[in-house]
There are 8 protein chains.
Amino acid sequence: MRRERVPALLRQVASGEVDAQAALGALGALELPSTESLGFATVDHHRALRQGYPEVIFAAGKTTPQVLAIAERIAERGEGVLITRLVPEMHAAVLERFPSIDINPLGRTAFLAPNVPAPVGRGTILVITAGTSDLPVAEEAAVTARSLGNTVERLTDVGVAGLHRLLSESRALEDAAVIIVVAGMDGALPSVVGGLVSVPVIAVPTSIGYGASFGGVAALLSMLNSCASGVTVVNIDNGFGAAFAASRITHA
Amino acid sequence: MRRERVPALLRQVASGEVDAQAALGALGALELPSTESLGFATVDHHRALRQGYPEVIFAAGKTTPQVLAIAERIAERGEGVLITRLVPEMHAAVLERFPSIDINPLGRTAFLAPNVPAPVGRGTILVITAGTSDLPVAEEAAVTARSLGNTVERLTDVGVAGLHRLLSESRALEDAAVIIVVAGMDGALPSVVGGLVSVPVIAVPTSIGYGASFGGVAALLSMLNSCASGVTVVNIDNGFGAAFAASRITHA
Amino acid sequence: MRRERVPALLRQVASGEVDAQAALGALGALELPSTESLGFATVDHHRALRQGYPEVIFAAGKTTPQVLAIAERIAERGEGVLITRLVPEMHAAVLERFPSIDINPLGRTAFLAPNVPAPVGRGTILVITAGTSDLPVAEEAAVTARSLGNTVERLTDVGVAGLHRLLSESRALEDAAVIIVVAGMDGALPSVVGGLVSVPVIAVPTSIGYGASFGGVAALLSMLNSCASGVTVVNIDNGFGAAFAASRITHA
Amino acid sequence: MRRERVPALLRQVASGEVDAQAALGALGALELPSTESLGFATVDHHRALRQGYPEVIFAAGKTTPQVLAIAERIAERGEGVLITRLVPEMHAAVLERFPSIDINPLGRTAFLAPNVPAPVGRGTILVITAGTSDLPVAEEAAVTARSLGNTVERLTDVGVAGLHRLLSESRALEDAAVIIVVAGMDGALPSVVGGLVSVPVIAVPTSIGYGASFGGVAALLSMLNSCASGVTVVNIDNGFGAAFAASRITHA
Amino acid sequence: MRRERVPALLRQVASGEVDAQAALGALGALELPSTESLGFATVDHHRALRQGYPEVIFAAGKTTPQVLAIAERIAERGEGVLITRLVPEMHAAVLERFPSIDINPLGRTAFLAPNVPAPVGRGTILVITAGTSDLPVAEEAAVTARSLGNTVERLTDVGVAGLHRLLSESRALEDAAVIIVVAGMDGALPSVVGGLVSVPVIAVPTSIGYGASFGGVAALLSMLNSCASGVTVVNIDNGFGAAFAASRITHA
Amino acid sequence: MRRERVPALLRQVASGEVDAQAALGALGALELPSTESLGFATVDHHRALRQGYPEVIFAAGKTTPQVLAIAERIAERGEGVLITRLVPEMHAAVLERFPSIDINPLGRTAFLAPNVPAPVGRGTILVITAGTSDLPVAEEAAVTARSLGNTVERLTDVGVAGLHRLLSESRALEDAAVIIVVAGMDGALPSVVGGLVSVPVIAVPTSIGYGASFGGVAALLSMLNSCASGVTVVNIDNGFGAAFAASRITHA
Amino acid sequence: MRRERVPALLRQVASGEVDAQAALGALGALELPSTESLGFATVDHHRALRQGYPEVIFAAGKTTPQVLAIAERIAERGEGVLITRLVPEMHAAVLERFPSIDINPLGRTAFLAPNVPAPVGRGTILVITAGTSDLPVAEEAAVTARSLGNTVERLTDVGVAGLHRLLSESRALEDAAVIIVVAGMDGALPSVVGGLVSVPVIAVPTSIGYGASFGGVAALLSMLNSCASGVTVVNIDNGFGAAFAASRITHA
Amino acid sequence: MRRERVPALLRQVASGEVDAQAALGALGALELPSTESLGFATVDHHRALRQGYPEVIFAAGKTTPQVLAIAERIAERGEGVLITRLVPEMHAAVLERFPSIDINPLGRTAFLAPNVPAPVGRGTILVITAGTSDLPVAEEAAVTARSLGNTVERLTDVGVAGLHRLLSESRALEDAAVIIVVAGMDGALPSVVGGLVSVPVIAVPTSIGYGASFGGVAALLSMLNSCASGVTVVNIDNGFGAAFAASRITHA
């Protein structure tokens with residue numbers, strides 16, 4: 001927690017969102033050192049302080065012991081632990097160490113709630129997917145957004161080849177505060193969504209497709225060149241990043 | 001004309017589409033040699049015979065004298081002369097040599113009608129553009145399609161960022177025999193059109209855009225990965241090729 | 001079935017192609033809702049209605065239960081079920097659920113015929129392959145075209161390095177209504193075929209090759225730049241898409 | 001204006017931001033048709049209605065008469081006219097037709113204020129540039145953001161090779177509601193900024209650089225792979241798009 | 001001249017190909033230093049000695065004075081001077097300095113014959129072009145091959161879209177010792193030629209084309225993936241290199 | 001055998017290279033049909049006739065039964081069978097069917113000698129490798145060249161980082177009729193070799209390397225841009241193609 | 001050892017760094033031949049002589065017997081053996097043959113110290129990593145640098161998203177003679193480090209990341225375009241190369 | 001000047017390199033603010049202090065007034081002004097403002113010496129070019145290196161196609177402290193140089209070449225994959241960066 005968040009914390013206590021004991025613990029964290037060296041990693045406790053969000057562990061390219069060690073340092077301060085790109089081989093070890101952690105195999109995530117819940121974001125984040133194969137990325141986005149304190153709604157398999165599936169959901173589109181659009185192949189869906197709404201639209205290309213989809217490059221380029229003004233884009237398959245950006249918006 | 005087209009020609013005479021004199025001339029061409037060497041070019045009179053279409057002169061990379069010389073060989077057999085990618089510097093010389101030629105500066109084309117008009121294609125070819133900047137390519141397609149004997153309709157600036165512009169033209173979509181969709185930037189329009197109709201859809205990416213549009217590559221990839229089944233694609237800015245393919249369909 | 005297809009259905013009944021009972025069932029489908037949500041998918045019954053073709057299930061990136069669930073929704077309306085990119089691991093489950101389904105391991109397809117056969121397409125679709133290794137993609141195209149109501153002929157291993165193999169089959173070329181040319185490596189075959197015939201030619205690049213073939217990119221670019229006018233192209237290895245486009249032509 | 005904006009308009013009148021006469025005119029626009037065909041363009045009056053922003057004219061690839069004609073249709077409804085990528089050759093004609101238009105040569109923009117000013121966005125949009133050469137893109141972003149009703153601050157030439165220039169401006173960083181970071185070459189600045197703040201960060205790669213910068217691709221890729229969570233990206237040199245996205249956030 | 005070439009020279013004198021005076025001069029060059037420094041260049045007299053060919057000046061990226069200075073050093077030893085990629089701006093200065101030089105504007109070459117003609121190559125080098133626009137590259141190849149002592153034949157505009165143009169020239173194909181095939185766009189011609197003959201085939205991709213030809217990359221890739229065995233490839237537009245390689249073959 | 005090779009065959013008989021019985025068999029093949037259809041393949045007996053070389057079977061992408069069936073058709077005419085890219089899984093079946101076939105695991109080849117040995121090529125083909133890891137490709141080239149009737153020499157691991165290894169082998173360089181240079185990583189060796197000799201040099205890039213070698217693209221580009229004149233290039237890892245091209249030269 | 005290193009060796013003896021016996025052995029190596037042929041490899045003993053460093057064995061693409069044979073030739077001269085990209089399958093065989101060799105599984109290296117230690121480099125080489133996943137490449141760099149006689153320090157997981165982790169280590173930065181910066185994803189860290197110090201900075205992009213990181217290309221391009229002057233770059237994942245370059249600096 | 005450089009300055013005074021008056025001025029600069037805002041630029045006086053080198057102005061993408069204004073701020077502190085990528089249009093204005101500035105048109109540089117000369121670097125920096133066309137980049141490197149206090153030697157046009165030109169200069173290679181190798185096309189020269197010497201080698205790819213050189217990419221990739229250990233690389237055409245890196249080495 002960064003010092004500037006103290007007033008917000010007090011408001012959370014006042015509203016009953018957070019109880020006094022948890023708030024006390026959170027305040028105590030202000031006295032701890034801002035970084036912690038594990039040899040193979042330098043845990044950035046400061047990052048959580050600076051940005052008001054729990055630090056996130058990207059499991060790809062890390063060993064199970066490395067993931068666990070970093071998670072322990074974060075958990076022992078009462079911060080929330082979010083792990084992304086968790087491979088099935090790590091599930092058992094993670095569960096053994098953190099029995100109450102919530103593993104989502106489809107989204108390849110694990111989430112251990114913090115002592116003090118994240119501040120509630122403004123409005124709903126709507127996660128739309130073009131096809132069934134885009135679901136893992138959408139799930140990563142949904143878990144991330146929820147762990148950051150947001151309400152999440154979903155709209156699945158509403159790609160532009162069957163426009164009526166999307167157009168019949170205009171109510172969901174209108175009710176969203178931010179929309180994340182997940183699509184592979186031609187990446188055309190964000191342009192259509194971006195033209196229908198006035199709220200922020202974040203496009204996530206997925207590596208779904210074959211041949212000249214080039215692992216998501218076709219969708220990425222399509223989204224960067226969207227003819228709908230003001231669509232922004234994150235890396236291929238980066239559901240986490242899209243949700244993090246959306247949560248920056250709902251918490252701004 | 002290829003020998004197999006004689007019956008079709010006779011039907012054209014019978015219906016009054018072609019008069020007897022012109023038909024006679026057309027039949028005479030069957031006796032001429034199938035190729036003609038100009039030193040810098042080998043005119044493929046055979047191609048017209050094989051495919052039932054006037055040979056087409058791609059002016060880019062040719063000098064004005066080369067373009068004129070090839071055009072003369074074709075014209076002197078009474079075949080139609082279609083020149084594409086005609087640059088403004090060539091206009092005067094082309095007009096001087098062929099006073100009755102029809103130059104279209106926007107489409108960068110010139111067309112001199114044949115003695116015997118091309119057989120009439122079945123149905124209407126609809127040329128749709130996503131934006132105003134796609135017009136030159138669409139114009140090239142329209143001129144080509146017409147010169148090959150087709151009826152052409154147009155729908156302009158109906159990109160997916162304002163879907164209602166397209167949806168309000170459902171009648172035009174339903175009436176087309178073949179649809180050519182011309183789009184740059186995100187290249188999303190063919191996917192939407194392809195999902196709305198059951199007729200053949202030919203997508204033409206254009207080099208419109210900047211940055212990561214990479215001169216039309218973004219649109220090209222988007223179209224090759226279209227989530228609407230059965231959309232086919234031609235080269236970037238290749239309005240001519242799209243129309244030629246469409247005319248193969250309407251004449252099949 | 002879309003409402004506009006009612007007259008066509010009646011003609012099918014009149015000609016004995018479809019019996020009255022089946023036609024009644026087909027008409028009944030008009031009353032059912034146009035989309036159906038499965039949580040992970042939104043089945044587009046409307047698509048079949050709009051385009052007159054059975055919806056197609058792309059199995060890659062889907063789990064076996066997802067594929068089965070979607071197939072069940074389509075089958076229970078009496079529509080034809082076509083599955084592409086079926087992996088061997090799914091064969092047993094698919095066969096168990098749909099004992100009468102026709103699995104084609106080479107083409108990686110499964111097809112369950114609809115109650116009312118698809119309307120018969122005009123003429124023959126000829127599928128040509130440059131080499132033996134292009135066969136799986138050609139097979140996918142052939143199965144798709146047949147399931148959509150077309151007559152299919154094949155010409156195999158007639159690449160341009162041995163031109164006489166192709167030239168000796170001029171009769172097959174002349175008899176086709178549409179030609180699909182499947183080729184990897186240099187992708188040169190569609191240019192040669194496109195120069196020999198006047199019917200529509202659809203080129204399918206395959207990922208066959210190595211080194212600078214870049215998984216089919218060399219063939220794709222070659223085809224997009226075909227010096228034969230009016231060749232159109234689909235995505236790498238997209239035999240399904242080529243056949244779907246061909247069938248749009250034979251049914252237009 | 002879209003009908004749903006009527007309450008907002010009334011609040012603007014109440015607060016004195018908009019006078020009654022202008023509000024009346026704005027209400028009148030609700031009765032006009034939503035699209036207008038100019039032959040070469042289909043003006044999307046509906047877009048302004050849907051998204052609450054004036055339609056924007058992208059001048060690249062359009063002729064001067066086309067730009068003027070579209071601008072006239074928008075201006076005659078009292079909407080604001082924003083033109084981007086305006087080339088110097090168009091300045092005189094634009095000024096002659098709209099004497100009160102505000103041309104910004106550095107940003108390549110022209111802006112004619114609407115009768116009713118755009119609703120005021122929440123907070124400040126901070127536009128940061130890494131180097132002097134990134135200024136034109138930053139200027140396009142600043143003009144766009146202001147024309148959409150936002151307060152804009154600037155921080156110039158604070159690239160990461162001299163970190164202290166950025167670190168000494170922490171106050172400006174903390175005060176922003178949204179930050180747009182414009183950078184070419186290595187595109188490293190958004191990662192640093194994204195790690196320092198908790199508000200939304202939109203990265204704009206520029207085509208500044210040479211050799212392996214590939215016209216901005218190096219910066220684009222760097223930004224898409226930002227190690228700071230939640231940075232989103234727009235197309236190369238797309239200052240307009242970044243500002244439009246930022247304004248979606250400040251108006252959400 | 002390298003020392004090992006003395007016997008060959010004597011044979012040339014014996015056969016009357018070279019007169020005694022010239023042979024004496026050539027022998028004298030053996031005593032001169034093998035490299036010569038001009039500050040901006042190190043003339044490799046040794047290269048001519050090692051490889052039996054006159055050194056060649058690539059004019060692109062050099063100033064006129066640099067080109068002239070290098071040419072002078074070569075000419076003053078009686079070696080042949082071949083300049084490639086000569087731009088029109090250099091013509092006057094080159095002619096003034098070397099009045100007897102032979103400038104070929106189409107091929108962008110200049111050639112000043114050596115005192116002792118290059119040894120005659122074995123057989124004919126056939127240069128084939130797919131289209132009229134490939135002529136400049138073919139001309140560069142022809143001039144280079146001739147300057148290296150070869151007999152050159154030409155076949156122009158015989159691309160695969162009109163196969164009969166090539167097939168009717170089977171005699172020319174059979175008579176060649178080496179074949180250079182120059183083609184842009186789909187680059188398909190070398191595969192067809194390579195399948196028809198048993199002699200060495202060198203493919204030269206040209207930058208002719210547009211859109212997805214990517215300045216000759218499509219043709220280059222097609223040629224590298226030729227399905228005809230044993231076709232070798234040189235750089236895009238490198239007519240000089242193809243001819244040099246062909247001459248290595250005819251002189252081996 | 002093609003009819004034109006009869007005189008060569010007679011010379012082989014005269015010199016004792018071929019015995020009369022074998023020659024008779026070879027002559028008999030002239031009466032057999034030129035192509036043979038296997039359903040999945042069209043065996044091009046004509047190709048062997050046209051090019052004087054045994055047809056070659058590229059095993060990648062073919063099943064073991066397909067490889068065997070094609071091999072049988074060729075072997076039963078007494079032609080030589082060369083199989084490339086043979087995977088270990090095929091070894092047993094190939095050996096069982098053709099007990100006398102010569103399998104080379106390093107070069108991934110199998111070769112069954114023809115009844116009449118291939119005509120002997122002129123001179124030696126020298127195969128040079130830059131590093132140990134380039135050996136499989138070099139081996140494929142060596143086996144191919146030998147099976148086509150050539151004498152082959154080898155020079156291994158003489159990359160440019162240790163120039164003296166190459167320079168100390170000048171004798172081998174001077175004695176070669178054609179040189180094949182196999183190199184990965186920077187692909188610099190062909191430029192150095194090409195500058196030292198006057199005979200034809202064929203460069204084979206290999207996929208050896210990592211990171212920015214992009215599977216051989218770095219070496220390929222380096223070779224296409226060789227500063228030594230007249231180096232030609234084949235596809236990445238295409239040892240077969242290089243040897244086939246070299247043999248076209250030694251047999252020309 | 002190269003002859004020029006004799007004085008350095010004597011100084012090492014004088015200072016007690018090397019004992020007399022070892023020095024005698026080292027001097028003896030001067031009499032051995034400079035290259036040694038193993039059939040599959042030409043060991044470059046000369047390279048060690050020329051560059052004062054033990055030759056290094058790149059194990060990727062080599063068989064275990066090949067690696068062992070080369071190592072034996074080097075070891076039997078008393079030179080140090082460094083093996084990189086050692087795969088786990090080779091560990092047992094390497095240890096059996098060289099029981100005292102030092103295997104580093106994380107860095108994929110094995111090192112057998114030479115009889116005479118490498119000359120000590122000037123100052124400390126600091127190896128910095130942006131993230132935990134970059135450790136294997138950093139480890140390869142550290143082992144290499146140490147084996148070449150250098151003192152190595154490490155700074156781990158100090159990427160730019162948490163700048164304070166780097167800024168708090170200014171002492172380590174100031175004390176280094178050369179800095180190697182290892183980073184994947186956005187590759188931004190070398191620009192920041194390069195702007196903070198005046199010593200040489202060598203950037204190593206890693207293949208860490210996903211999607212548009214393209215296996216390290218994003219980081220590579222970012223580093224090549226670094227806005228900090230004088231940062232140099234090596235190939236993706238090339239920790240060895242960076243350390244070798246750093247050691248060239250500390251030994252110059 | 002940074003405070004830590006005071007002892008070095010005193011040594012320069014002691015040795016007579018710098019006179020007392022100039023030293024006093026230099027010391028005074030320590031009191032001035034570290035950055036200065038010009039609106040369009042934030043001059044980083046601190047950078048010179050941090051890195052001991054005069055700040056450098058990259059003129060590309062800046063206007064003449066911008067270049068002059070930044071130069072003035074630097075010059076008025078007595079620091080040296082180095083401008084790179086100076087276009088001819090700026091020459092007059094630069095000379096008028098700084099009459100004693102030294103403009104180098106070939107290298108596109110301007111240099112105004114500082115009051116206190118840069119500390120002298122250790123040893124000689126050798127700049128090698130492969131061809132005449134690489135000279136502008138080499139010149140930029142030479143001017144930069146000299147302005148940073150280094151002695152520079154040159155070796156021109158010694159590309160690998162004529163190896164003897166390089167091998168005959170072994171003395172220059174041995175005498176250098178750092179070698180910068182500038183090469184376009186195949187980029188092979190740094191590998192050869194890197195194998196011959198033990199000092200640091202910095203490779204600069206140039207955009208010289210055509211076709212598949214892709215503006216220097218072929219050379220860049222070749223250099224990144226150099227088979228000579230420890231070659232480092234800078235951006236295409238970045239002579240300045242190479243010299244800056246070299247000077248970091250000679251001043252370390």
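Residue numbering restarts at 1 for every chain, and letters A, B, ... go by the order of the sequence lines.
- The ring pair (Phe, Tyr, Trp, His ring centres under 6.0 Å) test applied to E:F214 returns no partner, not counting sequence neighbours.
- When each of E:A242, E:A243, E:A203, E:G230 is checked for heavy-atom pairs under 4.5 Å with chain F, E:G230 comes out on top.
- Contacts between residues 177-187 of chain F and chain E, defined by a heavy-atom separation under 4.5 Å, are made by F:A177.
- We find the CG-OG1 distance between E:N238 and F:T232 to be 11.0 Å, quoted to the nearest 0.5 Å.
- Heavy-atom pairs under 4.5 Å with chain F peak, among E:V234, E:I202, E:L221, E:I236, at E:V234.
- With a threshold of 4.5 angstrom between heavy atoms, E:F240 approaches chain F through side-chain atoms but not through N, CA, C or O.
- Among residues two or more places apart in sequence or in another chain, the side chain to side chain donor-acceptor pair (under 3.5 Å) test is passed with F:T144 by none.
- When heavy atoms are compared at a cutoff of 4.5 Å, E:L220 approaches chain F solely by way of its side chain, counted from C-beta outward.
- A donor-acceptor distance shorter than 3.5 angstrom exists from the side chain of E:R248 to the backbone of F:S229, with no hydrogens or angles considered.
- Under the ring pair (Phe, Tyr, Trp, His ring centres under 6.0 Å) criterion, E:F40 pairs with no residue at all, not counting sequence neighbours.
- Chain E forms the most heavy-atom pairs under 4.5 Å with one residue out of F:G241, F:P200, F:A245, and that residue is F:P200.
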